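Worksheet for the structure shown next.
Just so we're on the same page: letters track the sequence lines, and every chain starts at 1. Keep in mind that this is a model prediction, so the values were computed, not measured.
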Number of protein chains: 2
Amino acid sequence: MIKDVMIKDLKVGSCRMIISKKIIQKRGDIIIGELGQSIPFTPKRYFIVNNVPPEEVRGQHAHKVCHQILICIHGSIIAHIDDGYKKEEVILEDPSHGLYMPPMTWGAQSSFSKESKLLVLASHLYDKDEYINSYNEFRKALKIN
Amino acid sequence: MIKDVMIKDLKVGSCRMIISKKIIQKRGDIIIGELGQSIPFTPKRYFIVNNVPPEEVRGQHAHKVCHQILICIHGSIIAHIDDGYKKEEVILEDPSHGLYMPPMTWGAQSSFSKESKLLVLASHLYDKDEYINSYNEFRKALKIN
């Protein structure tokens, strides 16, 4: 079975769920993501989040310029997205589903299942000045009172 | 605890193990890979291999131009690498360990543990003409009799 790439708008800024091609075979499944389709930017950094206690909330920041895709490779997590006006919660539990978060999205992740592994692909190398770590500052930057 | 990127030569062509920075905290671990360090090429494609029966052997081909990094995100697999002259088996079981395979490496993967998830980052978009699927052809291309 081959599925094409599908895009699901999440109604929070230009956040969207990008559902990648999945080839299901007896000898194993392959999920394929390619630049320009599943990946709307050139990845320059990745990180893998692991061993997160279930009560922990991670993220809780926005990026000024960095685009990201969140893929839960194993287990499940809840991703929280917020464009300053609208909020949404999304369950990530299928590695074919990539949550695209453009810059200036406030993001958090919670409810990490046991042994869950979250992969994040990012458009920029690490730069601490590019992070907004306060929700008030995030809203100020968006000129929301 | 912060580890720097470490490189381990695998004595098979220019294959190497790239061991990425790992930040271990009570609230979860992060493994960080950046272009130019953990990723020696710009990724244009990724694939995630999943649900592989333990008796299955995957891969068994070489790439003419494509560079790859194999990261076992969950569980464990055995990666087989072969430059036409030397062969090696490498256990992948730590998501901080990326197996870099340059073009013209014959690669196979076996012994996928239950629920294992293999992430591959690749330097090129899919092109079937760029694959060498016969070991004899691989050796011919290397001008090995």
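B/I132 is not connected to B/I81 by any chain of hydrophobic side-chain contacts under 4.5 Å among Ile, Leu, Val, Met, Phe, Trp and Tyr, and they are in different clusters. Residue A/V12 is grouped with residue A/I19 when hydrophobic side chains (ILVMFWY) are merged at heavy-atom distances under 4.5 angstrom, including chains of intermediate members. If you chain together hydrophobic residues whose side chains sit under 4.5 Å apart, B/I77 and B/I91 never meet in one group. Residues A/M101 and A/M17 share a single hydrophobic cluster, defined by chaining ILVMFWY side chains whose heavy atoms lie under 4.5 Å apart. B/W106 and B/L70 are assigned to two separate hydrophobic clusters, defined by single-linkage of ILVMFWY side chains at heavy-atom distances under 4.5 Å.
For chain A, the nearby part of B/V57 is the backbone; its heavy atoms alone come within less than 4.5 Å. Proximity to chain A involves both the backbone and the side chain of B/Y126, based on heavy atoms less than 4.5 angstrom apart. Contact annotation for B/Q25: only side-chain heavy atoms (C-beta onward) come within less than 4.5 Å of a heavy atom of chain A.
The structure places OG of A/S96 at 8.0 Å from CD1 of B/I48, a figure rounded to the nearest 0.5 Å. The distance from atom CD of B/E34 to atom CG of A/L125, rounded to the nearest 0.5 Å, is 4.5 Å. One finds the CG atom of B/L119 at 14.5 Å from the NE2 atom of A/H74 (value rounded to the nearest 0.5 Å).
Across all non-hydrogen atoms, the minimal contact from B/I30 to A/R58 is CD1-NH2, 3.0 Å. When every heavy atom of A/R27 is checked against every heavy atom of B/G59, the shortest pair comes out as NH2-N, 4.5 Å.
Taking A/K26, A/E55, A/K44 one by one and counting their heavy-atom pairs under 4.5 Å with chain B, the maximum is reached by A/K44. No other option in A/I73, A/V49, A/V52 has as many heavy-atom pairs under 4.5 Å with chain B as A/I73.
Here the side chain of A/E56 pairs no donor or acceptor atom with the backbone of B/G28 at under 3.5 angstrom.
Remark: of the listed residues A/I69, A/L35, A/I39, A/I39 is the sole one forming a side chain to side chain contact (heavy atoms under 4.5 Å, CB included) with B/Y46.
Within a 6.0 Å radius of CD1 in A/I144, other residues, nucleotides and ligands contribute more than 12 heavy atoms. For A/I7, the CD1 atom counts as densely surrounded, since its 6.0 Å shell holds more than 12 non-hydrogen atoms of other residues, nucleotides or ligands.
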*Kindly determine whether A/N50 and B/D29 satisfy side-chain hydrogen bond (donor to acceptor under 3.5 Å, both in side chains), including the steps that lead there.*
CA-CA 5 Å; A/N50 192 6; B/D29 309 339; 4.8 Å; no
